[in-house]
Q: 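I am attaching a structure below and will ask some questions about it afterwards.
Ligands are counted one by one from 1 in listed order, and the atoms in each one are counted from 1 as well. Every heavy atom of this structure was used, including side-chain atoms; hydrogens, water molecules and symmetry mates were not.
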Amino acid sequence: MSDLGRDYETSLDPTRRRRDGVHYTPRAVADELVERAFAVHLSAIASEVPFSVCDPTCGAGVFLLAAADALVARGRTPFDALACLRGMDIDPEALDLARTELLVWARAQGVTAELPSVFVVGDALNDQWPNDGHLDVVVGNPPFGGQLAGATVRDQSAVAGAARILGRPAGYTDTAGVLLVRALDAVRPGGSVVFVQPLSILGARDGAIVRDFVSPALESIWIPDDQLFDAAVHVCAPVLRKPQPVAAGSGNNETDVIPTWTELAAEAMGVPSVRLRGTPLSSLAECTAGFRHEFYDVAAATVERGSVGSESADFPTLITVGLIDPARLLWGTRAARIAGTTFAEPVVDVAKLSKPFELRKRPKLLVATQTRVIEAVADYDGMLWPSVPVISVLPRSDDAGALDLLLASLIAPPASVWAARQAAGTARSPGAVRLSATQLAQLPLPTDRERWIEGSQQLRAGQLTTAVRTLTAAYGLSEHEQLAVLDWWTFRSQRRKRQGKKAGL
Ligand SMILES: C[S@@+](CC[C@H](N)C(=O)[O-])C[C@H]1O[C@@H](n2cnc3c(N)ncnc32)[C@H](O)[C@@H]1O
């Protein structure tokens, strides 16, 4: 983003900024996405054939500038590069800025003629796009417009435009997703689309219609690890290439295996690809998660341990996600916030609960969700109370050794890799692993029982670093796979600690 763009963006009235999704893109991100969009067109770009690149919601033109530089770097003359560019935006002032930015660029490149680029004021949902249907590349960052927040709910004309694009009412589908579908329509067969999207496009139910439309064109997904825009939304960018139409009667019966969004997201996030072959966790234990309504029931029954009478055995210790580290309980060393109140040592006054405590009074594992690697602790005497959304793993055997083995299987780095691949991109942030009780029940167990027992003993003795190595080996992976898994797990664990420290935890 240029100074002009930044100044203009901050000068806008916040309501309008929210309504039109005005969050200009940092230049480094535009460069990266233009590179990805151009990757399959390098020979066309290097030749003199006409080539067109459009950002239909171009704002102050950062993607067009990035495209101009990339075209020149690949041999186009500056004038030729400018002739490739098509910009459109609903905001005429933003379009003026884009024009000015490109004019400054042109003059700096020695171009004295009038700008050959095309700029049109238009509504990308309802109007024709420049070179519509024949574009080589569409690249940009369209407005995000969630349909739950009042400020970004579509007006009547946008509702009609979105419905026309999807062929049915768009409902809660984000406007950015609708424009992704529209962009694929605007490129020629073989053309590319790289359009920034909210990360939720990868897994949200309301994004399914968009995923269905664009899946045949999906080649890869770009996922940055940090938040890029001050919109405080995690983003990604599917990299699409419009398939060539299949000639009628071509007789090709081979079905292409299309990688799933989850697989491509896992790849984009650098999660190693390994296959675990063990029997599922459900063969040894049952996984359950509390219900949302339980949370409020328990919150109302939570007291500080130091308060009257709470030393008694009827006051189980309340464990939130934040109090669970890998094989380490932080209760008493870290405060917990429960329904807006901070507790140093939260316990549950079971007499105040609407359901009997006995239901939970069992040895079990407690597993956190939305963490960077799987984090779980053992509850040997059944006195820990899982606060929603903590998952409980209840062993089918009463043997204390069984609990240790189960804990070891969850702390083992291959388990985190497996979970990260299962639901890649669908957690709240790219760095988190989303877990559900149902999914956890499918987790494959280690296959080398001797190493599994050895690793669980090391874990019990507090030797986490040694244990994770032994347990990685217990999954029967090749040396190469073990290294990749351990590297990934160690990196993710260290990030977790650094972020924790930064947050003052
Ligand atoms: C997220 S900003 C991105 C701008 C630019 N592509 C960038 O990345 O810096 C979204 C842009 O979409 C424009 N916009 C919003 N609704 C639009 C619509 N229906 N048609 C065209 N442009 C629209 C806004 O004016 C804003 O410039």
Side-chain angles (χ1 to χ4, degrees), residues 1-34 37 53-68 85-102 118-130 132 137-147 151-165 170 173-183 186 193-198 222 224 227-233 235-237:
M1 187 190 350
S2 66
D3 290 346
L4 275 182
R6 190 178 315 111
D7 290 349
Y8 178 66
E9 181 182 335
T10 46
S11 76
L12 286 176
D13 163 54
T15 313
R16 174 167 160 213
R17 209 178 144 194
R18 257 199 311 279
R19 185 198 67 198
D20 289 346
V22 183
H23 295 287
Y24 293 160
T25 308
R27 174 63 196 254
V29 173
D31 285 335
E32 169 74 32
L33 297 185
V34 164
V53 183
C54 178
D55 181 352
T57 62
C58 69
V62 68
F63 281 94
L64 299 176
L65 276 171
L85 307 180
R86 313 279 182 271
M88 173 160 141
D89 203 284
I90 205 162
D91 175 0
E93 284 179 73
L95 215 54
D96 275 346
L97 280 184
R99 213 179 275 116
T100 308
E101 294 277 17
L102 280 172
V118 173
F119 294 95
V120 289
V121 176
D123 170 5
L125 285 169
N126 283 299
D127 297 335
Q128 282 274 109
W129 293 14
D132 216 332
V137 167
V138 171
V139 61
N141 173 18
F144 292 6
Q147 298 305 298
T152 52
V153 168
R154 285 184 277 271
D155 63 18
Q156 236 182 354
S157 112
V159 165
R164 203 172 321 108
I165 291 167
T173 306
D174 194 290
T175 300
V178 177
L179 286 170
L180 184 69
V181 172
R182 176 71 178 85
V193 175
V194 180
F195 240 16
V196 177
Q197 299 287 307
W222 170 82
Q227 295 197 355
L228 284 180
F229 304 98
D230 62 355
V233 167
V235 300
C236 65

Q: Is Ala30 touching ligand 1 with its side chain, its backbone, both, or neither, if touching means heavy atoms under 4.0 Å apart?
A: neither
Q: Pull out every atom of ligand 1 sitting under 4.0 Å from any heavy atom of Tyr24, numbered as shown with elements.
A: 4 (C), 9 (O), 27 (O)
Q: Is the shortest heavy-atom distance from the side chain of Leu65 to the side chain of Leu102 under 4.5 Å?
A: yes
Q: List every atom of ligand 1 that sits less than 4.0 Å from any heavy atom of Val62, numbering the atoms from 1 in the order shown and giving each element.
A: 7 (C), 8 (O), 9 (O)
Q: Look at the rings of Trp129 and Phe195 and say which category their plane angle falls in: under 30° parallel, 30 to 60° tilted, over 60° perpendicular.
A: tilted
Q: Pull out every atom of ligand 1 sitting under 4.0 Å from any heavy atom of Gly122, numbered as shown with elements.
A: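 What qualifies from ligand 1 is 20 (N), 21 (C).
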Q: What residue and heavy atom of the protein are closest to atom 15 (C) of ligand 1, and at what distance?
A: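 Among all protein heavy atoms, the one nearest atom 15 (C) of ligand 1 is Asp20 O, 3.2 Å.
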Q: Could you check whether any side-chain heavy atom of Asn126 comes within less than 4.5 Å of a side-chain heavy atom of Arg164, counting everything from C-beta outward?
A: yes
Q: Heavy-atom contacts under 4.0 Å between Ala124 and ligand 1: side chain, backbone, both, or neither?
A: both
Q: Taking 4.0 Å as the limit for heavy-atom contacts, which would you say applies to Thr57 with ligand 1: side chain only, backbone only, both, or neither?
A: both
Q: Please tell me if the side chains of Val29 and Pro224 come closer than 4.5 Å, counting only heavy atoms from C-beta onward.
A: no
Q: Where is the nearest protein heavy atom to atom 7 (C) of ligand 1: which residue, which atom, and how far?
A: Thr25 OG1, 3.3 Å
Q: Among all protein non-hydrogen atoms, which one is nearest to atom 23 (C) of ligand 1, and what is the separation to 0.1 Å?
A: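 The closest one turns out to be Ile90 CG2, 3.6 Å.
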Q: For ligand 1, is any non-hydrogen atom under 4.0 Å from Ala60's backbone (N, CA, C, O), its side chain (CB onward), both, or neither?
A: neither
Q: Go through Tyr8 and Asp96 one step at a time and tell me if the side chain to side chain contact (heavy atoms under 4.5 Å, CB included) criterion holds.
A: CA-CA 11 Å; Tyr8 178 66; Asp96 275 346; over 6 Å; no
Q: Considering only heavy atoms of Phe63, which atoms of ligand 1 have at least one such atom less than 4.0 Å away?
A: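 With Phe63 as reference, the close atoms of ligand 1 come out as 8 (O).
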Q: Tell me the protein heavy atom at minimum distance from atom 5 (C) of ligand 1, and give that distance in Å.
A: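 For this ligand atom, the closest protein heavy atom is Cys58 O, 3.3 Å.
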Q: For Asp89 and Gly59, work out which heavy atoms get closest and say how close.
A: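 So the two residues come closest at OD2-N, 2.8 Å.
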Q: Quick one: which ligand 1 atoms are inside 4.0 Å of a heavy atom on Pro56?
A: 21 (C)
Q: Name the closest protein heavy atom to atom 27 (O) of ligand 1, giving the residue it belongs to and the distance to 0.1 Å.
A: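 For atom 27 (O) of ligand 1, the nearest protein heavy atom comes out as Asp89 OD2, 2.8 Å.
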Q: I'd like to know whether Phe63 forms a side chain to side chain contact (heavy atoms under 4.5 Å, CB included) with Val194, so could you lay out the CA-CA distance, the side-chain angles of the two residues, the decisive distance to 0.1 Å, and finally the verdict.
A: CA-CA 11 Å; Phe63 281 94; Val194 180; over 6 Å; no
Q: Is the contact between Phe144 and ligand 1 made by the side chain, the backbone, both, or neither, using heavy atoms and a 4.0 Å cut-off?
A: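 Neither part.
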Q: Please report the C-alpha distance between Ile90 and Thr57 in whole Å, then the side-chain angles of each, then the deciding distance to 0.1 Å, and finally whether the side chain to side chain contact (heavy atoms under 4.5 Å, CB included) criterion is met.
A: CA-CA 7 Å; Ile90 205 162; Thr57 62; over 6 Å; no
Q: Tell me which protein heavy atom sits closest to atom 19 (N) of ligand 1, plus the residue, atom name and distance to 0.1 Å.
A: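 Atom 19 (N) of ligand 1 sits closest to the protein heavy atom Asp123 OD1, 2.8 Å.
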Q: Run the side chain to side chain contact (heavy atoms under 4.5 Å, CB included) check on Leu33 and Trp222 step by step: do they pass?
A: CA-CA 8 Å; Leu33 297 185; Trp222 170 82; 3.6 Å; yes
Q: Which protein heavy atom lies closest to atom 16 (N) of ligand 1, and at what distance to 0.1 Å?
A: Pro143 CG, 3.6 Å
Q: Would you mind running through ligand 1 and noting each atom that sits below 4.0 Å from a heavy atom of Gly59?
A: 4 (C), 5 (C), 27 (O)
Q: Look at Arg182 together with Asp132 and state whether they make a salt bridge at an N to O cut-off of under 4.0 Å.
A: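 Yes.
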Q: Flag the pair Pro142 / Val178 as yes when at least one side-chain heavy-atom distance between them is below 4.5 Å, and no otherwise.
A: no
Q: How does Asp55 reach ligand 1, if at all, at less than 4.0 Å between non-hydrogen atoms: by side chain, backbone, both, or neither?
A: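 Just the side chain.
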Q: Distance to 0.1 Å, residue and atom name: give those for the protein heavy atom nearest to atom 10 (C) of ligand 1.
A: Gly21 O, 3.3 Å
Q: Quick one: does Asp123's side chain get under 4.5 Å of Ser157's, heavy atoms only?
A: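 The answer is yes, as the side chains (C-beta and beyond) meet within the 4.5 Å cut-off.
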